[in-house]
A.B. asks: 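My structure is below; once you've seen it, I'll send some questions.
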Amino acid sequence: MFCQENGDGYTSDALNWRFSKMTRKAGIGHWHAHEGRHTAVSIMSDNGVTIEQIADLVGHRTTIVTRKVYRHQLKPVISTGATAMNTIFGNKKTA
């Protein structure tokens, strides 16, 4: 829960507005606060936390939603793309 200076909670619209303002100011574009949850799940998954532990941490009763909606495995996608780019552009000697 994120609170205002007076201790009251933010509405979801107010929280998203403030969060987006901060991400734009940081130069990373327009983000909603909820996207941080997806990112946290993906990072935990990529670093060996089991899907069962992640589901429990984020409050899901089963692993289905955690797996299908929240977890976006980044390393395999990045590795596949990097390997392809290396094949296309790498190992070429210049004169």
Side-chain angles (χ1 to χ4, degrees):
M1 169 118 195
F2 295 93
C3 295
Q4 300 177 45
E5 288 79 11
N6 66 3
D8 290 343
Y10 283 107
T11 64
S12 61
D13 288 340
L15 176 62
N16 280 322
W17 179 81
R18 290 180 69 94
F19 191 82
S20 178
K21 185 177 175 182
M22 287 187 300
T23 58
R24 286 193 311 266
K25 188 174 182 179
I28 60 173
H30 173 74
W31 284 53
H32 286 140
H34 197 75
E35 291 170 304
R37 182 175 166 99
H38 290 256
T39 302
V41 167
S42 297
I43 290 170
M44 285 188 282
S45 178
D46 279 348
N47 286 281
V49 180
T50 68
I51 196 70
E52 293 80 12
Q53 290 171 318
I54 296 169
D56 190 43
L57 283 167
V58 297
H60 296 154
R61 285 186 296 159
T62 70
T63 61
I64 295 168
V65 171
T66 312
R67 237 181 317 108
K68 290 188 175 190
V69 177
Y70 282 84
R71 181 178 68 179
H72 310 285
Q73 290 192 290
L74 305 174
K75 286 182 183 177
V77 173
I78 292 170
S79 295
T80 301
T83 299
M85 294 302 281
N86 191 48
T87 300
I88 295 165
F89 297 109
N91 301 324
K92 292 187 179 179
K93 303 217 183 221
T94 57

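All values reported here derive from a predicted model rather than from experimental measurement. The basis for the numbers below is simple: all heavy atoms, side chains too, and nothing from hydrogens, waters or symmetry mates.
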A.B. asks: So, taking the atom named OH in Y10 and the one named SG in C3, what distance separates them when rounded to the nearest 0.5 Å?
C.D. replies: 8.5 Å

A.B. asks: Check step by step if side-chain contact (heavy atoms from CB on, under 4.5 Å) holds for T11 and W17.
C.D. replies: CA-CA 10 Å; T11 64; W17 179 81; over 6 Å; no

A.B. asks: Could you measure the distance from the NE2 atom of H32 to the CZ atom of R37? Nearest 0.5 Å is fine.
C.D. replies: 16.0 Å

A.B. asks: Hydrophobic cluster membership, with links at side-chain heavy-atom distances under 4.5 Å among I/L/V/M/F/W/Y: are V49 and V65 in one?
C.D. replies: yes

A.B. asks: Would a distance-only check, ignoring hydrogens and angles, find a side-chain to backbone donor-acceptor pair under 3.5 Å from T23 to I28?
C.D. replies: no

A.B. asks: Kindly compute the distance separating CZ (F19) from NE2 (H34), expressed to the nearest 0.5 Å.
C.D. replies: 11.5 Å

A.B. asks: Working to the nearest 0.5 angstrom, can you tell me the gap between S45 OG and I51 CD1?
C.D. replies: 5.5 Å

A.B. asks: Is there a continuous path of hydrophobic side-chain contacts, each under 4.5 Å between heavy atoms, that joins I64 to M44?
C.D. replies: no

A.B. asks: Other residues, nucleotides and ligands only: do more than 12 of their heavy atoms fall within 6.0 Å of CG on L57?
C.D. replies: yes

A.B. asks: Roughly how far, to the nearest 0.5 Å, is OG1 of T63 from CD of E52?
C.D. replies: 6.0 Å

A.B. asks: How long is the span from the CG atom in D56 to the OG1 atom in T50, to the nearest 0.5 Å?
C.D. replies: 9.0 Å

A.B. asks: Is there a side-chain contact between H38 and V69 in this structure, where contact means two heavy atoms from C-beta onward sitting under 4.5 Å apart?
C.D. replies: yes

A.B. asks: Give a yes or no answer on whether the side chain of N16 reaches the backbone of S12 with a donor-acceptor pair at less than 3.5 Å.
C.D. replies: yes

A.B. asks: Does any N or O in the side chain of N47 come within less than 3.5 Å of the main-chain N or O of I43, such that one atom is a donor and the other an acceptor?
C.D. replies: yes

